[in-house]
Amino acid sequence: MGVWNFQGGSIWSEKGFIPNKSTSITVTHEDDRDIHLSEFSVIVTALGDF
């Protein structure tokens with residue numbers, strides 16, 4: 001199990017896109033990663049109804 005740390009870019013919130021300082025997620029079967037995004041990159045969450 002690893003942790004991916006996203007730094008930079010923008011992230012979606014209830015108020016629209018806001019600057020992202022740091023967002024981390026836990027992933028299985030992967031090593032830790034630091035991912036540096038450009039100011040034009042966006043992070044969006046996905047919800048699905050399966």
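Nothing fancy with the numbering, it's 1 onward along the sequence.
Residues V27 and F6 share a hydrophobic cluster, clusters being chains of Ile/Leu/Val/Met/Phe/Trp/Tyr side chains in contact below 4.5 Å. Under the 4.5 Å side-chain heavy-atom criterion for Ile, Leu, Val, Met, Phe, Trp and Tyr, I25 and I11 are members of the same hydrophobic cluster.
Separation of atoms CH2 (W4) and CG (D31) is listed at 10.0 Å; rounding is to 0.5 Å. The distance from atom CD1 of I35 to atom OG1 of T23, rounded to the nearest 0.5 Å, is 11.0 Å. Between the CD atom in E30 and the CE atom in M1 there is a gap of 11.5 Å [rounded to 0.5 Å].
At distances below 3.5 Å, at least one donor-acceptor pair connects side-chain atoms of N20 with backbone N or O atoms of G8. The closest donor-acceptor contact from the side chain of D32 to the backbone of G2 lies at 3.5 Å or more, if one exists at all.
Among all heavy-atom pairs drawn from S13 and I18, the shortest one is OG-CG2, 3.9 Å. Listed here is the closest heavy atom pair of E39 and S10: O-OG, 4.4 Å.
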Check your understanding: Hey, mind stepping through N5 and S24 against side chain to side chain donor-acceptor pair (under 3.5 Å) and telling me if it holds?
Key -> CA-CA 4 Å; N5 184 30; S24 298; 3.2 Å; yes

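Two residues are said to be in side-chain contact when any heavy atoms from C-beta on lie closer than 4.5 Å; L37 and I43 meet this criterion.
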